[in-house]
Each structure stands twice: as C-alpha cells, then as structure tokens.
Amino acid sequence: MYLEEIELYGFKTFVSNTKVILSKNITAIIGPNGSGKSNMVDAIRWILGETKMTLLRASESSDLIFSGSNIKSPLSVASVKMIFNNEEHTLPIKTPRFIIERRIYRNKESHYYLNGEESSLQSVLSTFNSGGIFGANFAIVGQGRVEEILLARPEEKKAILDKVA
Amino acid sequence: MYLEEIELYGFKTFVSNTKVILSKNITAIIGPNGSGKSNMVDAIRWILGETKMTLLRASESSDLIFSGSNIKSPLSVASVKMIFNNEEHTLPIKTPRFIIERRIYRNKESHYYLNGEESSLQSVLSTFNSGGIFGANFAIVGQGRVEEILLARPEEKKAILDKVA
Amino acid sequence: IKSEFEKTLGEVEKNFAVFFKRMFMGGEASIEKLYDENGEVKGIELNVRLPGKRKQSLPLLSGGEKTITALAFLFALFKVKPSPFYVLDEVDAALDEDNVVRFCELLNEEAKTSQFIVITHNKETMQSANILYGVTMEEEGISKVVSMKFA
Amino acid sequence: IKSEFEKTLGEVEKNFAVFFKRMFMGGEASIEKLYDENGEVKGIELNVRLPGKRKQSLPLLSGGEKTITALAFLFALFKVKPSPFYVLDEVDAALDEDNVVRFCELLNEEAKTSQFIVITHNKETMQSANILYGVTMEEEGISKVVSMKFA
Ligand SMILES: Nc1ncnc2c1ncn2[C@@H]1O[C@H](COP(=O)(O)OP(=O)(O)OP(=O)(O)O)[C@@H](O)[C@H]1O
Ligand SMILES: Nc1ncnc2c1ncn2[C@@H]1O[C@H](COP(=O)(O)OP(=O)(O)OP(=O)(O)O)[C@@H](O)[C@H]1O
Ligand SMILES: [Mg+2]
Ligand SMILES: [Mg+2]
C-alpha cells in the first residue's frame, strides 16, 4: 500500500484545490520561509487524526481554515484528502484505490469520509492501523523537533518503545 | 572598549592554548559538526559569569575541563581569557589593555584574575557592568535558542524589558 | 524466554547501532535498560560514544551530533515498526555538508521500502528526491505548489 | 511624564518595528502592554502582521518567520542597551537564501558600532565576516582553530 496523492483545499494557506502527487520513494518540498511547506505537514498530521492543536500550530481548530489575506476573504471550510493505492490489498478495502478525506467547518465540526461516505474517526483510525499507519506518532518529525526524542526522560523513551512493541 | 582576543586552554575540546583574535566588526566561525564552535560560545558565556550548567551544556562544572579522548588523557584545569582594549578608558582601569581570566580545577574551585591578580566574581562583574557587559543576558544567543524569546510569557517578556530599562 | 518488549528493544538497539556507526563512520551506540526496585524495566537510556571521543551524555553533544543520534534512533524505530510513509520537516537543518551526504544515503536506502516526504532547504537533500515540489507565495498569503522535477 | 520602563519600551518598539519592516520588506510590528486589575503593566506581547497576510499570533508563524521576528526584537534590545560584543550561534539556520541576505545587511549595519561573533554554516553569512575562522578536529576529540580570512 502506498500514498499516491494529497489534496488540500482551504487548509491554512492552500486556498484553491491543490493536488500533490507523491513519489513511491522520496518527495522533497522546497520554498521560501512562510510559503506553506510546514502547513502541508500540518495537513498530513491532521488528516491522520491529530488532536493536539499545538502540534498543528493552531490555538483552535478553526485556525486550520484559511483566515484571509490582503486580497482574499476567509474561507468557511478546509478539506484534506489522501489517496492511497491499495492494489496489493494490504487494507481490508475492496477498491484498488481509496480516498480518505477530513473536513472542518467554522463551527468546528470535523468530518471524515472514506471513499466519499461519512465515516467515524475510529473506523478511519482502524483502517489506518491495519495499513500500518499509527496516527502521527513518530513517523512525522516536525520542524525543529528532530532532537526532541533525545530529551525524553528514560520512562518516556520506554513508553515510545512500548508503542513500537 | 572592544574585545581584542579570546584565549582558551583545557576548556572542553580546546586542549592546547588557543588564541582567537577578534574583528572590531564581524568574526565568523565555521566548521564541521562537533568540531568545537559552540564550545567556544560556552567559554565566552562562562567567563562572563554564567552559573547555569545547562546553558553551558554541562551537568557539573568539572565537565568544562577537557575530559580526555582516545589519544589524550584528561586535563586538570581549564582557563579562558578575554583581552580587552581599553584605550578609550571606558572602564575605570588604568592600563590600555586588560585581561580577565577564569580558571576551573577538577575540585570545582573556580578563580577569576584581573590583569593577573586574583579577583572576586563581584568585582569582575562590576568591571564588566561599567563597560556595558551585563553577564550573558540576551547578548549571547545560543544554538537553537534564537526563537526562545518569542516563547516567553508576557510577564517574562516584561521582565526582559525591565532589565534593559 | 524474552518478552515482546525485550525482543523489540533488541531489534531497535541493533538497528540504532548500525545507523549510528554508518552516520558517524565509527563510534558506538547502545540502549541501556534502567530497573526499579522490583527488577522491572522502568526506563531506557541511549548510550553513545563518538569516534575518537569518550562516552558522552546526550546533552553535551553538539547540535549536529544530537540530530544524527536522534535520526539514527528514529530510523531504528521506523525499521522495527514500518509505516508506509514518513514526513521529515527540515531535519537536516543542523547538519554540515558531509553529514547531509550521509543522511541522504540513509534516506535513499530506507526509501526502497517506504515513502518519504521531506521538507528541506538543502541542495544535497533536494537532489536525492525523485519528485521535487517548490512552494511559493506569488499571491500574498496564498500557497502555490509547482512541480520542479518529476520521476 | 513617562516612567523609565515606558521610555525604554517606546525605544525598543520603534527599533523592533524598523528592523521587522526591513527584514520582511513590509508588514508591521508593535509591542502591546497588558494591564492587571490595578492598571499596572504586568506583561508585554509582540504583535506582528506579515506583508500581505493578516495579523497572526506568534506560534502560528513559520520557522523562518519566527527567527526573523525574534532577531528583529533582539536587535531592538541590542540597540537600546548596547553591549560591546554579541555572540550569535547559528541564528540563520532556519532562514532561506533571501532572508539570510537581509539578515547579513542588518548584521553589517549594527556591526559598525558593536562587535559580532557569529557561528554559521551559511556561505552568505561567512562572506559578511571581516575575520573568518575554521574549527576542525584533525586530532580526534581536540579542536583546532585555523584563520581563513583576515581583515
Ligand atoms: N489559517 C490560516 N490562514 C492563512 N494563513 C495561515 C493560516 N495558518 C497559517 N498561516 C500562515 O502560514 C504561514 C506559515 O507557513 P509554513 O509554516 O508552512 O511556512 P514554511 O514554508 O514551512 O516556512 P519555513 O521555511 O520558514 O519553515 C504563516 O505566515 C502563517 O501566517
Ligand atoms: N569536557 C569535554 N572534554 C572533551 N570533549 C568535550 C567536552 N565537552 C564537550 N566535548 C565535546 O565537544 C563536542 C561538541 O562540540 P561543539 O558543540 O562545540 O560542536 P559544534 O562545532 O558547535 O558543532 P555543531 O555544528 O554540530 O553545532 C561534543 O562531541 C562533546 O563530546
Ligand atoms: Mg517550515
Ligand atoms: Mg554548535
């Protein structure tokens, strides 16, 4: 199973629909300061189920929706999609390709959709788990956070290993 | 008044006497990871009177003395000197040039010397203060610490401004 | 008979030691178990010794040395509990040129079995990518993604 | 009649706004006073608005934007309470090429009246230096300083 593509709409600085096709190996993202690279990382973290607003660099979930600029007014919804290739049927899903979408509205209601049908966070997470995706965990290393794992106390380091075991 | 030169002996990875002449404007220090650049910063912080071992990346003061390598055995004393040019007599010292030295021994005794004569921490600090050097404060920005000032709570930010006022 | 935890720890330690030695071209790394009064494992600590230097506690390492040690440990966790993809945001920021080259070799090796999405400002890391995107802000406050290299 | 604190705050805010605008080529920055129940100043907060964007709270800024905002504030403090020398250890690590250039312009300007010792891996920053030293570890575990450029 691999991640084919990510689509962002209304998420932070991604105002119009943005499709990002991913390599099966290494996809690199470059650009000037403040252009939106880490915002893309926040989008991936968020669609994988992140709830800690600090890890999403937001104070509340409505901060994830484009809040406007000099020339554009704020949007009312943000959506992030992940399109997976499941041709090897790693996941218990019949289609060769499946789409997970998460949306959030200004009233802070957040919804998940699996292949277009509304789905609960639990079933999305268990779908991820069966594919080996365990929330954001340590598979996502945020900016300025790579050394964080060394600062963890021995008990915390053991807890990380318990999750891996 | 300006800083002419720094000398290090036995301080962390500076085993033999190392003299560093400084520009009146910008002196840049480059080199591979782990070569000793930040150790030089620690030396400056330490001679200015830093007491917080964490800011010196040490657990106890004897960590500041060269602890040995594959080919060299540990040293028993570390010394850092700062040579100031005082030709404009900014400081209440008669000589046109003055040297401040700080030494530490394995038994954790630390000594200050002003132009070769033993001096107390207080008188060294008051000499620095009259020259506009106020301990390490915010004049030394450690590696990975530049954004720290933004994380300070409003009360802490005000405290910083109180020190400046 | 080893517990699940003990087996996993052994696997992680083995990989941690290999990645560490590869990135530092020498030295040693291991994981130490800490026990409580009942003889139960209550914590683990990373022990490292850089080539030519003596064993050091983690806080005393340089910025780059900490990054490399952390990456060696993280990649060991990745190897033992694989995820289909990983996202690394500017993890090479503290590395000098030679260490970035070694990091890219590690990345290329692990990318044979997992997908990596890496954010970087580093030219060497960019060149390792099969697909490269540039993010810009032509229109104020609005991100635009441009494909710069396609596999 | 203004207190010492109020005068200092005014000075710092003026410089903070100037440095911020220079580094970001636009936008606005100010310092806001927070009061307690007795009308006393109990804290201060930095307010920034990047060019083309709306006012943002500091945690929402990007890595580079935080570095620049912090440097603008620090340099404002430096200006109001000058020290004979400053030491900056890899403060340019998160900056893209254009922002490093602007940081170097700021550095060169302030270096007319104060000494700066900067640790860096960045080529642009190196070129701004009057004196350049390379630190190496030829002998294992032992630092050696080599002069690479002398004023
Ligand atoms: N909801 C939102 N609406 C509009 N703009 C937003 C929103 N959330 C964040 N931003 C803006 O996005 C920018 C941050 O982008 P991001 O962190 O992705 O930059 P980056 O490309 O990673 O930069 P760097 O190289 O400095 O790390 C900030 O300027 C912030 O103001
Ligand atoms: N007392 C000591 N004796 C011997 N070696 C020491 C001592 N204290 C620190 N070191 C070593 O100094 C090294 C750290 O050096 P330093 O932090 O100056 O590197 P750096 O040049 O700043 O690297 P980077 O570019 O990665 O930040 C570590 O390898 C550490 O083991
Ligand atoms: Mg970023
Ligand atoms: Mg360093």
Side-chain angles (χ1 to χ4, degrees), chain B residues 1-3 12-16 18 20-32 34-41 44-45 66 68-72 84 131-134 137-151 153-158 160-165, chain D residues 4-5 7-9 12 34 41-46 58 63 66-67 69-71 73-74 77-78 80-91 93 107-108 111-112 115-121 125-126 128-137 139-145 147-148 151:
Chain B
M1 186 192 73
Y2 66 93
L3 183 55
K12 293 203 173 189
T13 52
F14 294 91
V15 174
S16 50
T18 304
V20 183
I21 297 172
L22 300 169
S23 162
K24 279 191 181 181
N25 308 101
I26 301 172
T27 306
I29 300 170
I30 66 175
S35 58
K37 309 179 295 294
S38 298
N39 287 345
M40 219 185 276
V41 176
I44 295 170
R45 220 188 253 282
F66 176 68
S69 69
N70 274 1
I71 52 168
K72 249 195 171 67
F84 290 92
I133 301 165
F134 297 89
N137 284 356
F138 45 80
I140 297 185
V141 184
Q143 190 167 1
R145 289 180 175 275
V146 60
E147 298 172 14
E148 223 166 61
I149 202 161
L150 300 184
L151 300 173
R153 294 191 315 274
E155 304 78 43
E156 297 171 317
K157 284 193 177 102
K158 173 178 182 296
I160 291 170
L161 223 70
D162 287 332
K163 282 212 206 113
V164 173
Chain D
E4 201 57 49
F5 174 80
K7 279 203 221 118
T8 306
L9 182 60
V12 172
L34 305 177
V41 180
K42 66 164 180 167
I44 55 172
E45 202 44 275
L46 306 183
L58 301 176
K66 279 188 191 129
T67 287
T69 302
L71 287 171
F73 186 62
L74 284 168
L77 295 173
F78 294 169
V80 172
K81 181 154 174 154
S83 167
F85 60 87
Y86 300 98
V87 184
L88 310 176
D89 195 342
E90 293 195 31
V91 297
L107 200 59
N108 277 300
K112 292 177 183 169
Q115 281 173 293
F116 283 88
I117 299 164
V118 296
I119 315 283
T120 185
H121 286 295
T125 308
M126 284 180 219
S128 296
N130 308 94
I131 293 179
L132 180 66
Y133 288 106
V135 187
T136 60
M137 245 184 201
E139 253 184 296
E140 295 185 313
I142 299 169
S143 296
K144 179 178 175 190
V145 181
S147 148
M148 296 175 72

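Please read these numbers as outputs of a predicted model, since none were measured by experiment. Residue numbering restarts at 1 for every chain, and letters A, B, ... go by the order of the sequence lines.
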Portion of [X] that has a non-hydrogen atom of chain D nearer than 4.5 angstrom:
| X | answer |
| --- | --- |
| B:I30 | both |
| B:L151 | neither |
| B:L150 | both |
| B:K72 | side chain |
| B:N25 | both |
| B:S38 | both |
| B:L3 | both |

Item checked: Ring-face cation contact, D:F5 with B:K158, 6.0 Å cut, 45° max -> yes

Which of the residues [options] is involved in the greatest number of heavy-atom pairs with chain D at under 4.5 angstrom?
| options | result |
| --- | --- |
| B:V20, B:N70, B:N39, B:I44 | B:V20 |
| B:V164, B:I29, B:V15, B:I160 | B:I29 |
| B:G31, B:A28, B:S16, B:G144 | B:A28 |

Next item on the list: Output yes when a side-chain donor or acceptor of B:T13 lies under 3.5 Å from a complementary backbone atom of D:G141, and no otherwise.
Entry: no

Item checked: Test item: D:Y133 side-chain N/O and B:I21 main-chain N/O as donor-acceptor pair under 3.5 Å ->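 The answer is yes, because a donor-acceptor pair under 3.5 Å joins these two groups.
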
Checklist line | Criterion side-chain hydrogen bond (donor to acceptor under 3.5 Å, both in side chains) on D:T67 and B:E147, from CA distance to verdict | finding: CA-CA 6 Å; D:T67 287; B:E147 298 172 14; 3.1 Å; yes

Check: Any side-chain heavy atom of D:L77 sitting closer than 4.5 Å to one from B:L161?
Finding: yes

Next item on the list: First locate atom OH of D:Y86, then atom CD1 of B:I26, and finally report the distance between them rounded to the nearest 0.5 Å.
Entry: 13.5 Å

